[in-house]
Chemist: 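Mind having a look at this structure? Questions to follow.
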Amino acid sequence: MPELDEERVHVARCEAALRAMIDGARFNVVVGEHVAGDRYSAERLGRHLKSLAKELQEDAGGPPFFGRLDFGSGADAGEHRGRRYHIGRRHISGEGGGPPLVIDWRAPVSRAFYRAGARDPRGVAVRRRFGWAGGTLTGFEDERLDRGEELGAASRIMAAEIERPRVGPMRDIVATIQPEQDDLVRADLAESICVQGAPGTGKTAVGLHRAAYLLYAHRQRLERGGVLVLGPNRAFLGYISAVLPALGEIDVEQTTVERLLARGPVSGRDGEAAARVKHDARMAEVLHRALYGRVRRPTGPIAVPDGSYRWRIPEEEFRRIVDDTRREAPPYGVGRERVTARVVDAVRRRAEARGRTTGTAWARTVTRAVRPFVDEVWPAVRPEEVVAGLLGDPAALAGAAGGILTAEEQAAILWTRPPRTFRSARWSAADAVLLDEVAGLLERPDGYGHVIVDEAQDLSAMQCRAVARRSEYGSITVLGDLAQGTTPWAARVWPEHLAHLGKPEARVVALTTGFRVPAAVVELANRLLGALEADVPPTRSFRSDGRLRVRQAPDLRSAVVEAVRDALRHEGSVGVIAAAADAGTLVAALRDGGVPAAAVTADADGNADGNTGGNTGGDVEPAGAAPAGAGRNIGGGAAPDVAGPARVTVVPVTMAKGLEYDHVVVAEPAAIAEAEERGLNRLYVALTRAVSRLDVLHSRPLPPQIDVTDFRPLPSRTGVPGSRPLPSQIDVPDPRPLPSRTGVPGSRPLPPQTAGRPR
């Protein structure tokens, strides 16, 4: 195929040019140390050059481009008339300053690759998509948009890219971004948006690609504040860690909310009642009262010695300074400094009226003399001192929480054995939000230019306030799914949550087309929506492939081992998801059966999400004696690797959110549903982790919402239409008549697949 050969020649040209760019960047790092005019400039230049060299190195080895645009000769092509552009993950310069060999996917002209269509070609005559295998260009597909030809969902290359097995960490989606996703990715920096995304709709990818786009389009504005990505746990951060470097961005901070707020080790633990109260937004007012309750009215004048003079500030004037400062409502620490400065200024006026010279040294001396008086009315405090004073003293708590918290709520958070000092306190994970709230009242934290919050529906009101303090003068991208809310304080509607995040004006956009989860799996999961008390639309799937098997098994352990062995005959990763109490048993069963398996466990930061105030971090561990080669999680992308090439990971359902596997085995749904208050939400998460095949194994009766032997339309409580017979990809035991049920919603029938672009 001559055209394919021509494209392969272009590949070789791109690879040579990229190597030259890497060599040039390395050379510039060496030379740059000697060209800057001063030490500061040399340091900044060196950091920039080293960052550029690292970005280029990160990209080496991947396909240089994934698409091509051929613009027509019509007026609608504008300045691009008759031109051809290859589109890739990063810009590749042409030789000798010639036209670029590859255009960055974020460049303005590249938008036509994602937005052009048969109805609106945007001047594009031909859009070409390239297929790759192991770094080799294998083929291409052309869409003659000038003739009204558009493949959309019929594109074999796009379908293969979406459906290829999930091995290793999360990949970018630059080759398959859909128009509705592109709108969100390229939203203006000043705009805050909330993406309500069902499983597999690409909301996380949209958030990460928006970070890459904003850094490309607004690098100077974001250079000072930076971009922060907040994930639900370390396992999730490990899973997404490769996306931004692959897109050419390495200077993005990625962490969890718990680590962002951490002021020390978490050594205490709260009961659920205490954690609920501490995460409640009302605690902000309680803490504000507790802190500012330390500010007292002056009870006498100030007398400041100054050599042979003694300057006197009357009590009334001192009180006025304190009252005026409080009315201005600055941060507590700023207010304290402001009172000090105003008292010193009052002394200065008196001294200068008597002919005294008041220079810098004089001001320092007077400030030291004024401090004890200020300490009496506006004392210096630490966050730990304020919170410990509140939680360890019933009278102090009653005074600050009166009319806000009930007596029962106050009793829930009160320490039964207060420490001798705040320095010996054993802080819980929920205490971290209280400490951060007080720290924010003392002094505003450094802010970010843009903050991306994933799994935001699980943040508490107090955690949202912590994020808001760090994005007060920037914008945010909120990513989440109300149906996947699993913490006791998870959001049920977005407007209230966005208000806590400090962005009540944020635009809420719902993504309802799933690209990763097959239709059979989506249909089953949709049946849960009506019972989740979440106002979200049902998901539609882009994919008609995939497989779902529902099996009753008297011996669940043996059935799981058998299902995993069958899954290993296919390509890709395997995840076994079970109730947290059952995960260890299944790890042992798999290893006893000769199947190498890794285990995801809660990390050192705290507990799994949804527990009493704990963190959602996770690690991959061998979890006991394992066969040789067991242990490394290459399916979920969870945090540190351990020895061995295991393709199977056992995941407690409390740690499964945000991860995905080619083949998922969900063990005993009833145990998952019954384990916690939002057990059905947790089950919804578990069912939607599969991107190719799902096995549901149970020895107990299934929760009625997913009992697929009952195919009758069912009433709905929240507007989700009744169910229909599930797709043919579902393999279930012989249906048996079941008693009639009421109040159990089903799912909305999927529209027939068409050749048009997925919507």
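For clarity, every value in this text was computed on a predicted model and none was experimentally measured.
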Chemist: Using the test salt bridge (Lys or Arg N to Asp or Glu O under 4.0 Å), find all partners of D182 that sit at least two apart in sequence or belong to another chain.
Modeler: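 Only R111, R186 meet the salt bridge (Lys or Arg N to Asp or Glu O under 4.0 Å) criterion with D182.
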
Chemist: Mind checking the OG1-CD spacing from T201 to Q181? Nearest 0.5 Å is all I need.
Modeler: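 That separation rounds to 7.5 Å.
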
Chemist: Quick one: OG on S471 to CD1 on I452, what's the gap to the nearest 0.5 Å?
Modeler: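 Taking OG in S471 and CD1 in I452, the distance rounds to 11.5 Å.
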
Chemist: Between V517 and R543, which heavy-atom pair has the shortest distance, and what is it?
Modeler: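 Taking V517 first and R543 second, the nearest heavy atoms are N-NH1, 4.4 Å.
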
Chemist: What is the distance from atom CG of L247 to atom CG of L244, rounded to the nearest 0.5 Å?
Modeler: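 If I round to the nearest 0.5 Å, the distance is 6.0 Å.
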
Chemist: Tell me which one of I476, V453, V509, L498 satisfies side-chain contact (heavy atoms from CB on, under 4.5 Å) with C194.
Modeler: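 Among I476, V453, V509, L498, the one meeting side-chain contact (heavy atoms from CB on, under 4.5 Å) with C194 is L498.
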
Chemist: Please report the closest heavy-atom contact between V653 and A579, naming both atoms and the distance.
Modeler: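 Smallest heavy-atom distance, with atoms named: CG1-CA, 4.2 Å.
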
Chemist: Do you know which two heavy atoms are closest between V576 and L586, and how far apart they sit?
Modeler: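 Taking every non-hydrogen atom into account, CG1-CD1, 4.0 Å.
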
Chemist: Test of understanding: with side-chain hydrogen bond (donor to acceptor under 3.5 Å, both in side chains), list the residues that count as partners of Q457, not counting sequence neighbours.
Modeler: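 Residues passing side-chain hydrogen bond (donor to acceptor under 3.5 Å, both in side chains) with Q457: E455.
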
Chemist: Listed by chain and number, what are the salt bridge (Lys or Arg N to Asp or Glu O under 4.0 Å) partners of D436, not counting sequence neighbours?
Modeler: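 D436 satisfies salt bridge (Lys or Arg N to Asp or Glu O under 4.0 Å) with R469, R470 only.
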
Chemist: Could you tell me whether the side chain of R540 and the main chain of T513 form a donor-acceptor pair under 3.5 Å?
Modeler: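 Not confirmed, R540 side chain does not pair with T513 backbone.
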
Chemist: Scan for salt bridge (Lys or Arg N to Asp or Glu O under 4.0 Å) pairs involving residues 472-481, sequence neighbours excluded, and state none if there are none.
Modeler: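 Applying salt bridge (Lys or Arg N to Asp or Glu O under 4.0 Å) to every pair that reaches into residues 472-481, excluding sequence neighbours, yields R444-E472.
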
Chemist: Report yes or no: does R106 contribute a side-chain atom to a donor-acceptor pair with the main-chain N or O of A212 at less than 3.5 Å?
Modeler: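 Side chain of R106 to backbone of A212: a pair is present.
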
Chemist: Would the distance check show the side chain of K278 and the main-chain N or O of L434 forming a donor-acceptor pair, the cut-off being under 3.5 Å?
Modeler: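 Side chain of K278 to backbone of L434, a donor-acceptor pair under 3.5 Å: no, none is there.
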
Chemist: If we only count heavy atoms from C-beta on, is the R210 to L184 side-chain gap below 4.5 Å?
Modeler: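 A side-chain contact under 4.5 Å is absent here.
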
Chemist: I'd like to check the side-chain hydrogen bond (donor to acceptor under 3.5 Å, both in side chains) partners of D454; sequence neighbours left out, ordered by chain and number.
Modeler: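 T204.
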
Chemist: Angle class for the Y114/F66 ring planes (parallel below 30°, perpendicular above 60°, tilted otherwise)?
Modeler: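 Taking F66 first and then Y114, their aromatic rings sit tilted (interplane angle of 30° to 60°).
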
Chemist: Can you measure from CD1 (I577) to CG (L687) and round to the nearest 0.5 angstrom?
Modeler: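 With rounding to 0.5 Å, CD1 (I577) is 8.5 Å from CG (L687).
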
Chemist: List the atom of V600, the atom of M655, and the distance in Å for their closest heavy-atom pair.
Modeler: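 That closest heavy-atom pairing would be CG1-CB, 3.9 Å.
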
Chemist: Hey, does the side chain of D662 reach the backbone of S573 with a donor-acceptor pair shorter than 3.5 angstrom?
Modeler: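 Looks like yes, one N/O pair under 3.5 Å.
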
Chemist: Nearest heavy-atom pair of R507 and A187: which atoms, and what distance?
Modeler: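 Heavy atoms of R507 and A187 come nearest at NH2-CB, 4.3 Å.
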
Chemist: Out of H500, H497, H279, which residue meets the ring-ring contact (aromatic ring centres under 6.0 Å, His included) rule with W489?
Modeler: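 One option only clears the test, and that one is H279.
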
Chemist: Let's go through E223 and R219 carefully: what are the C-alpha distance in whole Å and the side-chain angles of both, what is the deciding distance for salt bridge (Lys or Arg N to Asp or Glu O under 4.0 Å) to 0.1 Å, and is it a yes or a no?
Modeler: CA-CA 6 Å; E223 194 172 45; R219 191 168 302 277; over 6 Å; no

Chemist: Looking at residues at least two apart in the chain, or sitting in another chain, which of them share a side-chain hydrogen bond (donor to acceptor under 3.5 Å, both in side chains) with E253?
Modeler: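 Only Y448 meet the side-chain hydrogen bond (donor to acceptor under 3.5 Å, both in side chains) criterion with E253.
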
Chemist: Determine whether a donor-acceptor pair (N or O, by modelled atom type, separation under 3.5 Å) exists between the side chain of D172 and the backbone of V243.
Modeler: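 No; zero donor-acceptor contacts below 3.5 Å.
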
Chemist: Are H663 and R693 close enough that a side-chain donor and a side-chain acceptor fall under 3.5 Å?
Modeler: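 There is such a pair between these side chains.
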
Chemist: Looking only at non-hydrogen atoms, find the nearest pair between H450 and T477 and report the distance.
Modeler: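 The answer is NE2-OG1, 2.8 Å.
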
Chemist: Using the rule given for side chain to side chain contact (heavy atoms under 4.5 Å, CB included), can you reason through V691 versus V521, listing the C-alpha separation, both sets of side-chain angles and the distance that settles it, and then say yes or no?
Modeler: CA-CA 9 Å; V691 300; V521 176; over 6 Å; no

